[in-house]
2 protein chains.
Amino acid sequence: MPAQLKKISESTIHRLSIYYRALAALEKENRTTISSKELAKRDKLTPAQVRKDLSFFGSFGTRGLGYPVVELRNRIAEIMGLNRLWNVALVGVGNIGSALAQYKEFAKQGFNIKLIFDNDLRKIGSNHKGIIVSDVRNLKSMVVSENIDIVIIAVPAASAQAVCDEVVAGGIKAILNFAPINLKVPDDVVLRNQNMCIELEHLAFALNNKNR
Amino acid sequence: MPAQLKKISESTIHRLSIYYRALAALEKENRTTISSKELAKRDKLTPAQVRKDLSFFGSFGTRGLGYPVVELRNRIAEIMGLNRLWNVALVGVGNIGSALAQYKEFAKQGFNIKLIFDNDLRKIGSNHKGIIVSDVRNLKSMVVSENIDIVIIAVPAASAQAVCDEVVAGGIKAILNFAPINLKVPDDVVLRNQNMCIELEHLAFALNNKNR
DNA sequence: TTATATTTGTGAACAGTTTCACAAAAGAAA
DNA sequence: TTTCTTTTGTGAAACTGTTCACAAATATAA
């Protein structure tokens with residue numbers, strides 16, 4: 001029972017998120033067990049991959065039968081930290097920021113957008129889905145006082161690093177960045193970038209190199 | 001000079017996008033050459049990685065000096081297909097869809113949102129940044145007639161597969177999906193998923209497993 | 001021109017990830 | 001019970017991606 005002994009790869013974490021979704025769906029269908037074979041098929045993976053991924057966290061399958069849906073889902077939630085609420089602050093209420101403020105999936109998965117910031121006087125004080133937009137000048141103090149766990153940066157590229165530095169100074173250890181720029185963060189801060197242009201560029205490359 | 005002989009990995013493509021951005025910035029600063037060492041430093045990579053990545057596409061550096069900024073940037077643009085316009089259709093004008101419709105970076109990189117679709121009668125016919133929203137029932141015929149290269153799916157999870165099937169039937173070979181669902185596509189269609197919840201889950205995992 | 005310093009390009013070593021293959025465990029059927 | 005089938009869990013093998021290390025090429029300085 002290797003309870004998180006070895007280093008878990010990013011790809012494994014990613015697949016864990018995917019398994020979690022499949023298991024949630026199975027739970028709704030009242031399925032009680034699922035085999036690695038079937039779980040793999042749903043997401044175009046291999047059964048061996050599924051078993052290897054799960055084995056990093058222990059062995060909760062039953063040979064000859066498969067994995068218990070509810071138990072496995074709970075275990076993944078526990079591993080990923082999905083059985084609790086996370087306080088999220090959103091910085092920047094432009095195109096993308098306001099879309100994210102309204103995005104319902106976040107709340108469903110326990111990501112609670114608690115604070116919203118902007119630097120535009122016309123936006124500060126306005127009500128965004130029940131949350132009053134705060135002045136970005138209070139960013140650092142408020143992420144501390146409101147116990148924010150995760151910050152989403154959705155400001156223009158030019159101001160993203162300044163925002164980043166502020167929240168890091170406020171002790172934030174996890175950032176999701178939508179600005180098309182490479183942010184510099186200390187080693188103990190986890191940063192993930194969501195760059196839509198780069199995604200389109202992957203597609204462009206694929207189309208451009210079809211006949212090689 | 002191995003002009004695309006070997007298989008290029010997804011990670012190499014990703015870094016190519018990153019180099020491209022760095023080179024664009026360097027060009028603005030009127031730098032004429034850059035070494036793999038400096039290019040690596042800008043993006044927290046290793047010089048060897050930069051050289052290996054570039055070597056897949058030929059050898060355009062000068063020993064003792066580095067790479068010519070303008071030439072290398074053009075070459076990457078050529079490889080990635082960034083020196084042309086791509087016709088993009090956006091399906092779904094909800095939170096995320098309308099944010100994407102207004103996102104200026106796309107046009108800057110040659111991704112031209114030419115068509116926008118929705119199934120909501122209140123939205124169809126309305127003007128979104130100069131583009132009239134079309135009825136999604138015309139999706140298949142219009143992606144063909146307007147020579148669409150790439151489709152962005154930003155509809156609710158429940159209707160995403162139907163939209164996907166339509167555009168695939170219309171001959172589309174590249175899809176960027178924002179719906180939180182695993183779409184099924186034929187092998188010759190490139191699909192990329194942008195799932196913001198999964199990104200937050202990566203961060204949650206990291207925070208949850210800090211002290212292992 | 002010659003010597004010294006840089007920096008590329010790349011095969012080889014290394015590291016990490018995925019797949020294979022099979023013993024072991026449990027269920028299902030006879 | 002006994003036999004047969006299914007399916008897990010996991011070392012080992014295969015594969016993929018990254019880093020090392022150094023010859024070769026060029027620039028720069030003397």
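Letters A, B, ... are given to chains in the order of the sequence lines, protein chains preceding strands, and every chain is numbered from 1.
Proximity of Leu72(A) to Val69(A): side-chain heavy atoms (C-beta onward) are nowhere separated by under 4.5 Å. Between Leu203(A) and Trp86(B) there is no side-chain heavy-atom pair separated by less than 4.5 Å.
Note: CG (Leu72(B)) to P (dT8(C)) measures 11 Å, nearest angstrom. Summarising the geometry, the separation between CD on Glu10(A) and C1' on dT17(C) is reported as 14 Å, rounded to the nearest angstrom. Atom CZ in Phe56(A) sits about 10 Å away from atom C1' in dG16(C), given to the nearest Å. Atom CD1 of Ile8(B) and atom P of dG17(D) are 10 Å apart (whole Å). Phe60(B) has its CZ atom 12 Å from the P atom of dT8(C), to the nearest Å. Protein atom CG of Asp53(A) is 12 Å distant from nucleotide atom C1' of dT19(C), rounded to whole Å. To the nearest angstrom, P of dT8(D) lies 9 Å from CG of Leu54(A).
For Asn74(A) and Glu78(A), the side-chain atoms include no donor-acceptor pair closer than 3.5 Å. Inspection of the Asn147(B) and Asn87(B) side chains reveals no N or O donor paired with an N or O acceptor under 3.5 Å.
Expressed to the nearest 0.5 Å, how far CD1 of Ile175(B) lies from SG of Cys164(B) amounts to 4.0 Å. Put simply, CD1 on Ile198(A) and CD on Gln109(B) are 9.0 Å apart, with the number rounded to the nearest 0.5 Å.
Regarding contacts with the backbone of dT6(D), every side-chain N or O of Tyr67(A) stays at 4.0 angstrom or more from both OP1 and OP2. Under 4.0 angstrom from either OP1 or OP2 of dT19(C) there lies at least one side-chain N or O belonging to Gln49(A).
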Using a cut-off of 4.0 Å between protein heavy atoms and nucleotide atoms, how would you tag nucleotides 20-30 of chain D 5' to 3' with B, S and -? BB-BBBB----
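Annotation for Arg84(B): atom CZ counts as buried by contact number, over 12 foreign heavy atoms lying within 6.0 Å.
Ring-plane geometry between His202(A) and His14(B) is classed as tilted, the angle between the planes lying from 30 to 60 degrees on a 0 to 90 degree scale.
Taking every heavy atom of residues 12-39 of chain A and every atom of DNA chain C, pairs under 4.0 Å involve Arg15(A), by number.
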What donor-acceptor contacts under 3.5 angstrom involve side-chain atoms of residues 110-118 of chain A, with partners at least two apart or in another chain?
| from | atom 1 | to | atom 2 | distance (Å) |
| --- | --- | --- | --- | --- |
| Lys114(A) | NZ | Glu146(A) | O | 3.1 |
| Asp118(A) | OD1 | Asp120(A) | N | 2.9 |
| Asp118(A) | OD2 | Val93(A) | N | 2.7 |

